[in-house]
Amino acid sequence: MKKSNRLTVSDAFGSLFSNDKAIACSKVSPLWLTIILFFVAVIIPIVPLAVSAANSYGSAFIGNNSYGFEKTMPKIALEMAKDDIKFLTVNEDHELSITNDDAVASYKHVNSTTGHTEMEVFFSAAKESKSKSAFINSVADHKYVLNDDGENTTYYHSSYTVFFNNSIYCCIYEPNSTNIITASSYGDYKSFKPGTNLVELLTTVEGQKLAPTSDAQILDLLADNKVNNGVFNNWKTVFNKAYETSKVRNVWLGSLLYLGIYTGMSLIMALLIWIMTRGKNNPFSYLSLLACFKIESWASVCPGLIALVLGFFLTQYAVMLFIMTLGMRVMWIAMRQLRPQA
């Protein structure tokens with residue numbers, strides 16, 4: 001008994017690098033330890049993926065090139081403050097009190113040089129997904145004439161933001177184009193405290209609430225870069241908070257999805273070991289499915305650790321790291337340590 005325990009303990013760390021020791025450990029380890037190792041191996045590669053998803057932001061869709069978003073949205077926010085809008089206040093149900101449902105822009109920013117509409121803001125009382133999609137489609141279908149020479153007419157889209165009663169949606173278009181240049185942003189108000197007025201949140205800079213009373217005063221405020229950048233950052237804050245619910249849901253759903261994928265892949269690898277040891281001339285044909293499962297469980301810990309570490313640095317390949325390293329190690333074991341000539 002002491003020899004068995006000593007063998008398991010002494011070879012445990014070595015099994016991370018040695019296939020022979022991984023096989024030796026699988027023979028003497030209890031089933032409960034094997035099951036623990038199996039789930040540890042499939043869970044740890046998920047950590048960098050979950051961390052990456054948790055570090056995402058709702059304002060990321062703006063990107064480095066916002067195509068004028070940093071100029072259009074502060075102006076519209078100050079215009080809403082001038083009108084002293086009250087229906088953009090979050091209630092106890094984390095909803096707004098919008099009653100309008102017309103696909104007509106309540107606010108818009110027009111470029112003073114080109115005369116082109118660059119941003120529009122809509123309000124809609126829609127709550128159901130179907131009605132919200134229909135509203136967005138009606139907004140997205142609207143185009144402005146860019147050039148009409150009598151023969152060929154070209155059009156462009158205006159960027160737009162829609163405040164629904166229970167969500168917010170924003171989409172940015174490249175100027176003078178119908179191509180969306182960034183992914184749109186979608187979120188809700190569940191992360192906002194009841195009583196929060198979104199207009200006040202947008203127009204409060206360094207603790208000072210901005211309350212312009214005229215268009216001239218708005219232009220004076222926007223001439224101050226501190227005010228302009230402050231309101232622009234407030235828009236980012238709104239999108240970030242609105243995205244919180246989706247972010248939490250994405251982290252859990254993504255983690256469960258990858259857990260299912262990695263668990264299934266590990267079971268397939270165990271089955272592959274069993275299949276590759278079948279045959280009259282293979283001295284390991286006596287291995288049962290359970291024995292192959294134990295071998296795979298011990299062998300999968302090292303790929304899991306590799307995926308855990310490298311996943312933080314190679315984020316683009318984090319999803320595939322565990323699958324690739326596990327596949328290589330299992331194939332190496334099956335073709336070397338468990339080969340028919342052994």
Side-chain angles (χ1 to χ4, degrees), residues 1-50 253-342:
M1 184 67 178
K2 292 183 178 180
K3 182 178 180 181
S4 177
N5 288 336
R6 186 165 56 251
L7 176 63
T8 302
V9 174
S10 63
D11 287 352
F13 289 102
S15 68
L16 295 173
F17 314 101
S18 170
N19 291 338
D20 290 323
K21 291 185 177 181
I23 295 174
C25 287
S26 71
K27 293 179 180 179
V28 297
S29 62
L31 181 59
W32 62 265
L33 179 59
T34 300
I35 295 175
I36 290 176
L37 289 176
F38 176 86
F39 282 106
V40 167
V42 297
I43 288 175
I44 56 178
I46 301 174
V47 174
L49 299 172
L253 290 179
S255 298
L256 291 175
L257 174 63
Y258 294 129
L259 177 62
I261 293 174
Y262 293 158
T263 298
M265 182 58 62
S266 294
L267 293 176
I268 290 175
M269 290 296 105
L271 179 62
L272 182 62
I273 294 175
W274 182 79
I275 292 175
M276 296 187 71
T277 53
R278 300 306 91 190
K280 296 180 180 179
N281 298 326
N282 193 311
F284 298 98
S285 59
Y286 66 89
L287 290 175
S288 64
L289 273 173
L290 178 60
C292 294
F293 170 75
K294 295 177 72 174
I295 292 174
E296 189 281 335
S297 297
W298 277 92
S300 64
V301 177
C302 181
L305 291 173
I306 292 175
L308 171 64
V309 175
L310 295 183
F312 287 105
F313 303 98
L314 304 175
T315 54
Q316 294 180 341
Y317 308 100
V319 175
M320 296 299 298
L321 283 174
F322 177 68
I323 296 175
M324 291 188 297
T325 52
L326 176 62
M328 287 188 291
R329 187 171 196 191
V330 167
M331 290 302 296
W332 188 260
I333 290 176
M335 297 177 68
R336 293 296 299 270
Q337 277 70 27
L338 303 178
R339 68 186 186 275
Q341 294 83 3

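- No more than 12 heavy atoms of other residues, nucleotides or ligands sit less than 6.0 Å from atom CZ of Phe17.
- Between Phe322 and Tyr258, the gap from one ring centroid to the other reaches at least 6.0 Å.
- Of the options Leu271, Ile275, Leu287, Leu338, a side chain to side chain contact (heavy atoms under 4.5 Å, CB included) to Cys292 is made by Leu287 and by none of the others.
- Of the residues Met265, Met269, Met335, the one that meets the side chain to side chain contact (heavy atoms under 4.5 Å, CB included) test with Val330 is Met269.
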Run the side-chain hydrogen bond (donor to acceptor under 3.5 Å, both in side chains) check on Arg329 and Asn19 step by step: do they pass? CA-CA 8 Å; Arg329 187 171 196 191; Asn19 291 338; 2.9 Å; yes
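- Atom-to-atom distance recorded for Lys21:NZ and Ser15:OG is 9.0 Å, nearest 0.5 angstrom.
- The shortest heavy-atom contact between Ser266 and Leu326 is OG-CD2, 3.7 Å.
- Rounding to the nearest 0.5 Å gives a distance of 13.5 Å between CD1 of Ile295 and CH2 of Trp274.
- Scanning all heavy atoms of the two residues, the minimum distance from Pro45 to Ala307 falls at CB-CB, 3.8 Å.
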Any chance you could lay out the side-chain contact (heavy atoms from CB on, under 4.5 Å) test for Phe38 and Thr263, step after step, and finish with the verdict? CA-CA 8 Å; Phe38 176 86; Thr263 298; 3.9 Å; yes
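- Around OH of Tyr317, the count of heavy atoms belonging to other residues, nucleotides or ligands within 6.0 Å does not exceed 12.
- Separating the CE atom in Met328 from the CD1 atom in Ile306 is a distance of 7.5 Å, to the nearest 0.5 Å.
- A donor-acceptor pair is defined here as one N or O able to donate and one able to accept, closer than 3.5 Å; such a pair exists between the side chain of Thr34 and the backbone of Pro30.
- The minimum heavy-atom distance linking Cys25 with Ala12 is given by the pair SG-N, 3.8 Å.
- The closest donor-acceptor contact from the side chain of Lys294 to the backbone of Ser29 lies under 3.5 Å.
- Of all non-hydrogen atoms in Val309 and Phe313, the two that sit nearest each other are O-CD1, 3.1 Å.
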side-chain contact (heavy atoms from CB on, under 4.5 Å) evaluation trace for Val42 with Ile261: CA-CA 9 Å; Val42 297; Ile261 293 174; over 6 Å; no
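- Interatomic distance, CG of Leu259 versus OG of Ser255, reported as 8.5 Å (0.5 Å rounding).
- Put simply, OG on Ser18 and CD on Gln337 are 7.0 Å apart, with the number rounded to the nearest 0.5 Å.
- The minimum heavy-atom distance between Phe284 and Arg278, with the atom names listed, is O-NH2, 3.9 Å.
- Contact between Gly304 and Ile44 at its shortest, heavy atoms only, is C-CD1, 3.5 Å.
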With side-chain contact (heavy atoms from CB on, under 4.5 Å) as the criterion, how do Ser300 and Tyr262 come out once you've worked through the C-alpha distance, each side chain's angles and the decisive distance to 0.1 Å? CA-CA 10 Å; Ser300 64; Tyr262 293 158; over 6 Å; no
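- The shortest side-chain heavy-atom distance between Val301 and Val40 does not fall under the 4.5 Å cut-off.
- Note: Ser297 OG to Leu37 CG = 7.0 Å, rounded to the nearest 0.5 Å.
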